[in-house]
Amino acid sequence: MATRLRRLTTRRSPPKLLFFALLMLAPVCVIGIYNYGQKISYFFRPLWDKPPLPFRRLPHYYAENVSVEHLCRLHNWSIRSQPRRIFDNIIFSNELDLLEIRWHELNPYVSKFVIMESNTTFTGIHKPLFFASNRARFAFAEEKIVYGVFPGRIASPGSLKDPFGLESLQRGAMNGLLHNAGISNGDLVIMSDTDEVPSPHTLKLLQWCDGVPPILHLELKHYMYSFEFPVDYSSWRATVQIYTPQTRYRHSRQSDVIFSDAGWHCSFCFRSLEEFTLKMTGYSHADRVKRKAFLNYSRIQRIICRGDDLFDMLPEEYSFKEMIKKMGSIARSDSAVHLPSYLIQNADRFRFLLPGGCKRNVVQLK
């Protein structure tokens, strides 16, 4: 009888041990999901998300010393008797260096530079009006500047307001500012962020050709931290549109047509570590800052020079093949060819944007 009891006890032990094992494992899983939930979600994205419909890609023909009339014909467009006016329309945060490069590049082709900034970030953090306090730096374009200030909202500590809501309001306010700039039907309007820069020859082609699609997304070569770290050609949000009374400022998909190799998108391309932390905590994806340690200057500097991810995230891809291909550090490039001409002409001032210039200042130069 005693032997039988011992056997029964032995048989019932495993469920008891399993219960305690699960009890111990549960908090570990909770902590893991809390700390790495975003990474887990991104890893399984190919299982739960579908890619958007592909764009219809328009080939882009360009070479130096080729007439614009010939280039129009290559695109199956016709030459105009006079160029369209172009309105460059952006909301601005603190990208002073990229703004200077952008406006110098586009100045020969743009009629008005329409720019709006706010006294808060999208997340409701107070910030200076950087453009207003540095306006003298852009005196070369003063006659073309149409400037507006969007009154932001200071977020109370611990508030959970959606930063995309404030971003949407600010982008919506651009419609009135664009109207005040004197835009007319048939003019071209660029809708992009400051760091999404169309190439000058792209604008020249679009303003001189008839037959251009009314809404044309721009495929921009994407760089991270500087032009030393080319990522891919995944940037598509920038558009050039033929203005009509129905045109509204947006930074999302508006058509199925994209113009190949039309410029540059340099993300987090700042001179100082202070500027990095302002963007990390102030833009609409600030929830990616999971820990205070992410904002440590030494960590940020190390990541910039390695070409790693600031937020320790996996690539945002819709297939495991593409995700695995992009895992790890971004490969360095020693090429500074086919970059904005103003950048190369002023390479000494903008060394941090070129190969070999990954070291950053700590604070922003005023």
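On a predicted model such as this, the values are computed, not experimentally measured, just so you know.
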Let me check something: do [X] and [Y] share a hydrophobic cluster, defined by ILVMFWY side-chain heavy atoms less than 4.5 Å apart, either directly or through other members?
X      : Y      : result
Met280 : Val362 : yes
Phe276 : Val231 : yes
Leu178 : Ile215 : no
Leu129 : Ile125 : no

_Members besides Trp236 in its Ile/Leu/Val/Met/Phe/Trp/Tyr cluster (side-chain heavy atoms under 4.5 Å)_ =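 Traced through the cluster, Trp236 reaches Phe55, Ile258.
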*Under 4.5 Å between side-chain heavy atoms, chaining through other members, with only Ile, Leu, Val, Met, Phe, Trp and Tyr counted: pull out the rest of the cluster around Leu353, sorted by chain and number.*
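Joined to Leu353, directly or through intermediates: Leu98, Ile101, Val197, Tyr223, Phe227, Trp264, Leu339, Tyr342, Leu343, Ile344, Phe350, Phe352, Leu354.
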Can you confirm whether [X] is buried at [atom1], in the sense that more than 12 heavy atoms of other residues, nucleotides or ligands lie under 6.0 Å from that atom?
X      : atom1 : value
Glu143 : CD    : no
Arg135 : CZ    : yes
Tyr61  : OH    : no

[X] side chain to [Y] main-chain N or O, any donor-acceptor pair under 3.5 Å?
X      : Y      : answer
Glu219 : Ala262 : no
Lys144 : Asn107 : yes
Glu275 : Leu96  : no
Arg299 : Leu310 : yes
Glu228 : Gly356 : yes
Ser255 : Leu216 : no

*Do Trp103 and Phe131 make the cut of ring centroids closer than 6.0 angstrom?*
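Yes.
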_Can you confirm if the aromatic rings of Tyr283 and Phe268 lie within a centre distance of less than 6.0 Å?_
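Yes - the distance between ring centres of Phe268 and Tyr283 falls below the 6.0 Å cut-off.
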Let me confirm one number: the [atom1]-[atom2] distance from [X] to [Y], rounded to the nearest 0.5 Å.
X      : Y      : atom1 : atom2 : value
Met191 : Ile91  : CE    : CD1   : 12.5 Å
Cys266 : Asp195 : SG    : CG    : 7.5 Å
Gln241 : Leu188 : CD    : CG    : 10.0 Å
Glu196 : Ser235 : CD    : OG    : 5.0 Å
Phe92  : Phe113 : CZ    : CZ    : 13.5 Å

*Give me the one residue out of Arg237, Arg102, Lys279, Arg171 that meets salt bridge (charged side-chain N to carboxylate O under 4.0 Å, His left out) with Asp193.*
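Exactly one pass, corresponding to Arg171.
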*salt bridge (charged side-chain N to carboxylate O under 4.0 Å, His left out) with Asp97: which of Arg349, Arg137, Arg360?*
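Only match with Asp97 under salt bridge (charged side-chain N to carboxylate O under 4.0 Å, His left out): Arg137.
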_Whether the Ser333 and Ser335 side chains hold a donor-acceptor pair (N or O, under 3.5 Å, no angle test) is what I'd like checked._
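Ser335 and Ser333 do not have a side-chain donor-acceptor pair below 3.5 Å.
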*Could you verify whether a donor N or O on one side chain and an acceptor N or O on the other, from Ser272 and Glu274, lie under 3.5 Å apart?*
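Short answer, no.
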*Are Lys290 and Asp312 within salt-bridge range, i.e. N to O under 4.0 Å?*
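Between Asp312 and Lys290 there is no salt bridge, as every charged N stays at least 4.0 Å from the carboxylate O atoms.
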*Does a side-chain N-to-carboxylate-O contact under 4.0 Å join Asp210 and Arg84?*
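The answer is yes: the pair qualifies as a salt bridge.
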*Can you tell me which residue pairs pass the salt bridge (Lys or Arg N to Asp or Glu O under 4.0 Å) test with a partner in residues 334-344, sequence neighbours excluded?*
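Not a single pair qualifies under salt bridge (Lys or Arg N to Asp or Glu O under 4.0 Å).
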*Could you give all pairs that pass the salt bridge (Lys or Arg N to Asp or Glu O under 4.0 Å) test and reach residues 242-254, with sequence neighbours left out?*
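Non-adjacent pairs meeting salt bridge (Lys or Arg N to Asp or Glu O under 4.0 Å): Arg253-Asp256.
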*asked:* Could you report the tightest heavy-atom contact between His222 and Ser267, atom names first, then the distance?
replied: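 The pair with the smallest heavy-atom distance is NE2-OG, 2.8 Å.
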*Determine which pairs satisfy ring pair (Phe, Tyr, Trp, His ring centres under 6.0 Å) with at least one residue from residues 181-207, sequence neighbours left out, and list them in order.*
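Qualifying pairs: His60-His201, Tyr62-His201.
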Could you pull out every donor-acceptor pair under 3.5 Å between side chains of residues 66-73 and any protein atom, sequence neighbours left out?
from	atom 1	to	atom 2	distance (Å)
Ser67	OG	His70	N	3.1
His70	ND1	Arg73	NH2	3.0

